[in-house]
Amino acid sequence: MNALRVIAETIKKGSSFLFVSHINPDGDSIGSQLALGKVLEGFGKKVTILNQHPVPDIYNFLYGSGKIKNEISPSESFDIAVVLDASDKNRLGDVVNKALEKVPFIINLDHHVSNNKFGQLQYLNQQASATAVIVYDLIVLLNGKIDKDIAECLYTGILTDTGSFHYLNTDAKSHQVVAEILKYGISPNKIYEEIYEIFNLVSIKLLGLALSSIEMDKTGKIAWMKIRKSDFNLSSLTNGETEGFINYVQMLKGVKVSLFFKELVNDKKQLVTKVSFRSKEDVDVNKIASGFNGGGHAHAAGCVVLGDMDTALDKVIKEVEKYI
Ligand code: AMP
Ligand code: MN
Ligand code: MN
């Protein structure tokens, strides 16, 4: 039996669920969690959604986003945990890992090439452009009822993970799922505006700063943008505040690898530099990011380098140069 079918059968038997996703959750993690959550609630099941970090403001329009927790009481218990859009337990953060310790059964639904297969059951589809595509297939197997709210969540996952349908992972299946969920009356125009056009003042200033920081190596094939902690004295930066910024680097003609360096303080109060990678053609950035304990997909990946921006920049660019 197909692994996703086994997962559907297992889910049907459970009654209380904990849904978790990666640190700094993005549109795909939140969209996937909320969509599957509402479907299971429709079956009378109890679903708690927990992430290490808060929902970025740009996803607050999604139904149920206000109920996503960042901590839970140790007395709560669950039959099954579903880990969505995370390739590795290390990507979940301390709060989530602590909560998972007490859950007897873990299911992982994911699409990252860097997935290291954890939990009792996994469905890993590296061809899927987003975990939301997998969640759609699972909802169909469950005979779940999709409504407009659920469709908006799924659409958000696919929209953000395909970079608005222009990354190399955009395929027929992404569009087939979108064609199906558009039948529930969602507005791609409204969702796009919510996510990409409703910039707050901080974000627009950050964009200006990031744009003016863009540099290129001498081959013109590597380009990067950066935001230093001191620029805005940021203690944290959610994915939402910089969503889509890296696409501007990708727009530079001739550039094969684009990078975005964000210097910030992590939950352990250490100065770190988060690096986002995007690539064109044959450059596998998952491989490069994996060398820095990160991962992701062939054309979109990330990692966190301990230390300040200049150190990270030097190390990472030297490594990227080997792949060009
Ligand atoms: P981002 O640049 O944060 O949008 O991430 C691009 C892709 O790489 C997403 O699929 C992330 O889930 C993945 N990714 C980002 N950071 C990491 C990391 N530290 N470890 C593994 N995967 C990551
Ligand atoms: Mn994600
Ligand atoms: Mn994803």
Side-chain angles (χ1 to χ4, degrees), residues 19-36 51-53 55-56 58-59 83-93 108-116 118 123-136 153-164 167-170 174 177 195 210 224-227 237-250 257-262 264 266-267 272-279 284-306 312 316:
F19 285 7
V20 301
S21 189
H22 58 77
I23 52 169
N24 299 311
D26 55 23
D28 191 29
S29 28
I30 290 161
S32 297
Q33 288 178 307
L34 291 173
L36 189 59
N51 293 324
Q52 175 88 17
H53 297 119
V55 174
I58 56 171
Y59 302 118
V83 181
L84 298 111
D85 197 43
S87 53
D88 186 328
K89 276 192 170 176
N90 289 328
R91 289 276 291 146
L92 302 173
N108 180 210
L109 300 175
D110 188 34
H111 67 134
H112 291 97
V113 189
S114 54
N115 190 292
N116 66 1
F118 60 92
Y123 181 73
L124 170 64
N125 181 356
Q126 298 165 340
Q127 307 307 315
S129 59
T131 298
V133 168
I134 299 172
V135 168
Y136 173 81
C153 292
L154 294 172
Y155 186 86
T156 295
I158 302 170
L159 179 77
T160 52
D161 259 28
T162 58
S164 313
Y167 289 167
L168 283 155
N169 61 358
T170 310
S174 323
V177 174
I195 298 171
W224 57 91
M225 58 167 42
K226 54 195 183 194
I227 296 177
L237 201 55
T238 70
N239 275 340
E241 278 157 333
T242 55
E243 183 61 51
F245 282 19
I246 196 166
N247 294 336
Y248 291 96
V249 188
Q250 281 283 70
V257 178
S258 313
L259 302 150
F260 183 10
F261 294 87
K262 286 180 268 184
L264 29 110
N266 69 9
D267 295 339
V272 297
T273 303
K274 185 182 180 320
V275 192
S276 291
F277 299 75
R278 301 289 184 272
S279 66
D284 182 349
V285 284
N286 169 56
K287 236 188 208 162
I288 311 177
S290 300
F292 293 95
N293 292 320
H297 313 278
H299 297 105
C303 68
V304 178
V305 182
L306 205 60
V316 171

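Along the sequence shown, residues are numbered consecutively beginning with 1. Each ligand, and each atom within it, is numbered from 1 in the order the structure gives.
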How about Asp85: does one of its N, O or S atoms come closer than 2.8 Å to the Mn ion (ligand 2)? yes
Taking only heavy atoms of His297, which atoms of ligand 1 are found under 4.0 Å from at least one of them? 10 (O)
Specify the closest pair of heavy atoms between Met225 and Tyr248, including all atoms of both residues, with the distance to one decimal. CE-CB, 4.4 Å
What I want to know is whether Ser87 and ligand 1 share at least one N or O pair that is separated by under 3.5 angstrom. no
Restricting to N, O or S atoms of His22, which is nearest to the Mn ion (ligand 2)? NE2
Among the N/O/S atoms of Asp28, select the one at the shortest distance from the Mn ion (ligand 3) and name it. OD2
Check each heavy atom of Cys303 against ligand 1 and say whether those closer than 4.0 Å belong to the side chain, the backbone, both or neither. backbone
Check: Asn266 and Val304 side chains under 4.5 Å, non-hydrogen atoms: no
Polar contact flag for His22 and ligand 1 (N/O pairs, less than 3.5 Å): no
I'd like to know if Ala300 contacts ligand 1, where contact means a heavy-atom distance under 4.0 Å to any ligand atom. yes
Any N/O/S of Asp26 under 2.8 Å from the Mn ion (ligand 2)? yes
Would you mind running through ligand 1 and noting each atom that sits below 4.0 Å from a heavy atom of Ser276? 1 (P), 2 (O), 3 (O)
Check this for me: Asn293, atom CG, are more than 12 non-hydrogen atoms of other residues, nucleotides or ligands nearer than 6.0 Å? no
Is the distance from the Mn ion (ligand 3) to some N, O or S atom of His111 under 2.8 Å? yes
Would you call the rings of His112 and His22 parallel, tilted or perpendicular, taking 30° and 60° as the class edges? perpendicular
So the atoms of ligand 1 within less than 4.0 Å of a heavy atom of Gly296 turn out to be 8 (O), 13 (C), 22 (N)
Reported CG-to-OG1 distance for the pair Leu264 and Thr273, which is rounded to 0.5 angstrom: 7.5 Å
Would you say the side chains of Thr131 and Ser32 form a donor-acceptor pair under 3.5 Å? no
Between ligand 1 and Val304, is the shortest N or O to N or O distance under 3.5 Å? no
Is there a side-chain contact between His111 and Ile134, using heavy atoms and a 4.5 Å cut-off? yes
Looking at every heavy atom in both Asp26 and Tyr59, which two are closest together, and how far apart are they? C-CE1, 3.9 Å
Is there a donor-acceptor contact under 3.5 Å linking the side chains of Asp161 and His297? no
Of all the N, O or S atoms in Asp161, which one sits nearest to the Mn ion (ligand 3)? OD2
Mind running side chain to side chain contact (heavy atoms under 4.5 Å, CB included) on Phe277 and Val316 for me, showing each step along the way? CA-CA 10 Å; Phe277 299 75; Val316 171; 3.8 Å; yes
Taking only heavy atoms of Lys274, which atoms of ligand 1 are found under 4.0 Å from at least one of them? 3 (O)
